[in-house]
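Indexing begins at 1, ligand by ligand and atom by atom, following the structure's order.
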Amino acid sequence: MNQLAALFIFRSFSKNDKRKLGVWAFVSCSLMVISFYALLRAYMGPLPAALNLEMSRNVNIVMVSVVENKAKGDGRISSHKPVTKPKKFGQRLEQICNLSNPRSDYCEIKGDVRVQGNSSTIFIASPSRLGNESDQRDAPWKIRPYARKGDDTAMGRTRELSLEPYNPASKSPGGELIIPNCTKKHRVPGILFSSGGYAGNHFHDFSDVVIPLYVNSRHLKRKVKFLVTDMKPWWLTKFRVLLRALSKYNVIDIDKNQQTHCFPRLIVGLRASTKELSTDLSTASPYGISYTIGNFTSFLRSAYSLQRDTAIQLSVDDKRKPRLLMILRKRTRAFTNQDEIEAEARSLGYDVVATEAMVNLDEFAKVVNSVDVMLGMHGAGLTNFVFLPQRAVVVQVVPLGLEWLAKNDYEVPALSMNLRCLEYKINANESTLFEQYPADHPVLTNPSSVLSKRGWHEFKPIYLDRQNVRIDVSRFRSTLLKALELLHEH
Ligand SMILES: *[C@@H]1O[C@H](CO)[C@@H](O)[C@H](O)[C@H]1NC(C)=O
Ligand SMILES: *[C@@H]1O[C@H](CO)[C@@H](O)[C@H](O)[C@H]1NC(C)=O
Ligand SMILES: *[C@@H]1O[C@H](CO)[C@@H](O)[C@H](O)[C@H]1NC(C)=O
Ligand SMILES: *[C@@H]1O[C@H](CO)[C@@H](O)[C@H](O)[C@H]1NC(C)=O
Ligand SMILES: *[C@@H]1O[C@H](CO)[C@@H](O)[C@H](O)[C@H]1NC(C)=O
């Protein structure tokens with residue numbers, strides 16, 4: 001079928017039908033929010049006070065982070081610690097740290113601050129500027145500088161650092177100052193963060209580390225040193241270009257570091273948005289500059305020297321072929337009829353590239369930026385849409401049971417990045433689970449009930465780990481046509 005005939009078929013849906021569809025989508029989505037909320041509460045039992053509070057503030061966000069956290073790890077929600085401020089929290093730390101952000105704890109320390117990596121200690125040497133000076137040391141405090149607070153699995157993989165406020169007036173019994181001398185003095189500010197947690201998962205690398213790092217460091221115009229804990233060598237390699245674009249200095253790996261690094265100013269932990277893949281801090285930026293997600297993606301295009309700002313814009317009898325990237329997954333949630341899908345896309349006029357997300361991000365960023373449509377199964381590989389040109393189309397294939405995650409982890413952020421999104425929700429008979437369960441089995445007919453009755457630990461292996469998809473290409477065609485239609489819109 002040629003392109004024009006195809007477009008005609010799509011257009012033959014009346015405006016009214018489309019509107020009805022839209023309303024229905026909205027209603028069913030709202031219902032889903034409510035039922036998911038109820039369901040998770042039933043499943044998880046009473047939630048910690050802080051989480052409940054957060055829930056009533058913004059059900060969606062917490063829902064997502066709860067589901068997401070459970071998707072990525074096996075953290076038990078019941079052991080979450082409340083995010084309330086401890087009584088012992090020292091007066092001095094109170095002025096420099098914020099522990100009430102639901103995503104991360106962070107401190108901004110000005111004055112004389114000394115980082116001793118090998119002992120995981122940050123000495124705050126300068127006297128308090130505001131508080132009344134006392135001869136006593138403020139109580140020390142522990143911080144884990146990774147932006148997925150409340151997720152035990154992530155935080156369990158994040159090093160705990162000790163903040164030691166120190167009053168220079170106090171001396172040890174021997175009369176010496178109980179503070180290490182500086183062995184390395186830095187003139188520019190430092191930002192200390194962890195690349196532990198879920199680092200390695202592309203989605204989390206961006207949502208938990210890269211975007212928060214951008215938001216917290218961009219205003220410093222590369223005059224900042226990054227101090228990283230829990231860092232693996234491959235992480236540094238993966239984000240080399242990006243880190244270089246944010247800082248002109250080499251990254252300092254503080255683990256097992258024998259130096260005492262002294263800074264005039266240090267940010268510990270990264271303030272982060274409560275939404276996924278978002279720069280939106282909801283409170284005013286302390287630096288007077290706030291960054292939009294558009295600023296972030298345009299920063300990426302410049303950092304990776306990506307050529308295309310905007311996707312192809314087709315006119316009616318355009319002979320150019322839009323490029324479609326099909327992101328493949330091998331182990332879980334794979335396409336079992338990749339060839340058929342590719343052939344279908346080609347027959348509709350796409351120039352198709354099919355590949356797994358590459359390890360070499362510099363190279364893959366360029367591949368992604370060269371396409372107009374990204375097609376992929378729900379999963380971390382989709383995060384690469386950050387490199388797409390604006391107005392490109394993301395086609396997310398949504399396996400059974402994963403609608404919620406698909407929407408909030410990928411669709412919502414992609415829309416915020418000036419991309420267009422299409423979701424292809426599979427029918428039960430397109431899932432490989434269809435071969436494993438009778439047609440009327442709740443696994444196929446009612447995934448939510450599986451979550452509520454059997455819990456996440458049974459839901460996850462079924463829907464996320466053991467589900468592949470055989471796309472019904474004749475049904476999928478309309479989604480591919482819709483993407484073409486979008487590339488024709490002005
Ligand atoms: C701490 O963070 C919370 C949540 O982001 C914010 O509402 C509050 O204003 C912050 N407090 C300070 C002292 O910055
Ligand atoms: C950390 O290194 C300093 C300087 O080499 C040393 O004095 C200190 O004992 C070390 N601390 C730990 C916990 O290894
Ligand atoms: C720091 O340096 C001073 C002067 O060089 C020395 O007296 C002191 O013992 C040193 N302190 C420590 C903790 O090494
Ligand atoms: C962010 O993007 C907006 C809109 O394109 C632009 O006006 C603004 O200058 C950008 N901000 C920064 C700090 O780059
Ligand atoms: C798959 O299920 C859909 C909807 O239930 C149905 O319309 C379609 O015919 C089925 N396909 C096959 C190959 O059975």
Side-chain angles (χ1 to χ4, degrees), residues 50-51 53-54 56-58 61-62 65 82-86 89-110 129-131 141 143 147-150 211-212 214-222 245-246 267-275 278-303 309-310 336-337 340 389-391 398-400 416-418 424-435 437-441 444-447 469-479:
L51 211 63
L53 190 105
E54 182 56 20
S56 51
R57 201 174 67 80
N58 194 335
I61 291 168
V62 171
S65 59
V83 282
T84 47
K85 209 159 27 181
F89 195 58
Q91 195 186 28
R92 206 185 302 172
L93 290 179
E94 195 158 73
Q95 293 160 8
I96 54 183
C97 296
N98 191 333
L99 304 185
S100 51
N101 186 296
R103 271 295 288 277
S104 61
D105 293 337
Y106 53 86
C107 306
E108 182 158 2
I109 310 156
K110 287 182 186 132
R129 282 169 301 121
L130 301 162
W141 185 246
I143 186 167
R148 205 158 281 267
K149 182 168 130 181
I211 293 177
Y214 166 82
V215 172
N216 287 274
S217 70
R218 184 64 176 150
H219 67 287
L220 295 169
K221 301 189 162 68
R222 299 181 69 231
L246 288 174
I267 296 170
V268 182
L270 302 172
R271 55 167 63 215
S273 175
T274 47
K275 297 176 214 145
S278 169
T279 54
D280 179 8
L281 296 178
S282 66
T283 52
S285 159
Y287 318 119
I289 308 176
S290 43
Y291 296 94
T292 63
I293 198 71
N295 293 140
F296 173 71
T297 52
S298 113
F299 159 78
L300 284 183
R301 285 194 291 275
S302 145
D309 280 340
T310 321
T336 63
N337 59 338
E340 264 188 283
Q390 294 180 75
R391 298 182 58 77
V398 186
L400 282 191
S416 78
M417 293 172 197
N418 198 15
Y424 179 80
K425 295 193 173 71
I426 67 162
N427 279 330
N429 56 12
E430 294 171 86
S431 171
T432 50
L433 296 174
F434 195 71
E435 294 146 23
Y437 297 88
D440 59 352
H441 196 281
L444 300 176
T445 58
N446 193 353
V469 170
R470 177 172 195 89
I471 298 261
D472 175 348
V473 286
S474 59
R475 188 166 85 92
F476 189 53
R477 184 182 302 131
S478 64
T479 304

Undergrad: Could you list the atoms of ligand 4 found under 4.0 angstrom from a heavy atom of Y291?
TA: 13 (C)

Undergrad: Give the minimum heavy-atom separation between I426 and S431, together with the two atoms involved.
TA: CD1-CB, 3.6 Å

Undergrad: Provide the closest heavy-atom pair for L281 versus A272 in the form atom of the first, atom of the second, distance.
TA: CD2-C, 3.6 Å

Undergrad: Tell me, which protein residue and heavy-atom name are nearest atom 9 (O) of ligand 5, and how many Å apart are they?
TA: N429 ND2, 4.7 Å

Undergrad: Among all protein non-hydrogen atoms, which one is nearest to atom 7 (O) of ligand 1, and what is the separation to 0.1 Å?
TA: T283 CG2, 3.9 Å

Undergrad: Determine whether the side chains of T292 and N295 contain a donor N or O and an acceptor N or O closer than 3.5 Å.
TA: yes

Undergrad: To the nearest 0.1 Å, how far is atom 4 (C) of ligand 5 from its closest protein heavy atom, and which atom is that?
TA: N427 ND2, 3.6 Å

Undergrad: Before you tell me yes or no, could you show the steps for Y291 and F296 under ring pair (Phe, Tyr, Trp, His ring centres under 6.0 Å), namely the whole-Å CA-CA distance, both residues' side-chain angles and the distance that decides it to 0.1 Å?
TA: CA-CA 7 Å; Y291 296 94; F296 173 71; 10.0 Å; no

Undergrad: Among all protein heavy atoms in this structure, tell me which lies nearest to atom 5 (O) of ligand 1, with the distance rounded to 0.1 Å.
TA: N101 ND2, 3.3 Å

Undergrad: Against heavy atoms of S100, which atoms of ligand 1 measure under 4.0 Å?
TA: 1 (C), 2 (O), 3 (C)

Undergrad: Over all heavy atoms of both residues, which pair between L400 and N427 is shortest? Give the atoms and the distance, please.
TA: CD2-C, 4.4 Å

Undergrad: Counting heavy atoms only, which of T279, I293, I289, N295 comes nearest to atom 1 (C) of ligand 4?
TA: N295

Undergrad: From atom 14 (O) of ligand 5, is the closest protein heavy-atom distance below 4.0 Å?
TA: yes

Undergrad: Over 60° means perpendicular and under 30° means parallel, so classify the ring planes of F299 and Y214, tilted if in between.
TA: tilted

Undergrad: Can you confirm whether I211 sits close enough to I293 that some side-chain heavy atom of one is under 4.5 Å from a side-chain heavy atom of the other?
TA: yes

Undergrad: Tell me the protein heavy atom at minimum distance from atom 8 (C) of ligand 1, and give that distance in Å.
TA: N98 ND2, 3.7 Å

Undergrad: Any non-hydrogen protein atom below 4.0 Å of atom 11 (N) of ligand 4?
TA: yes

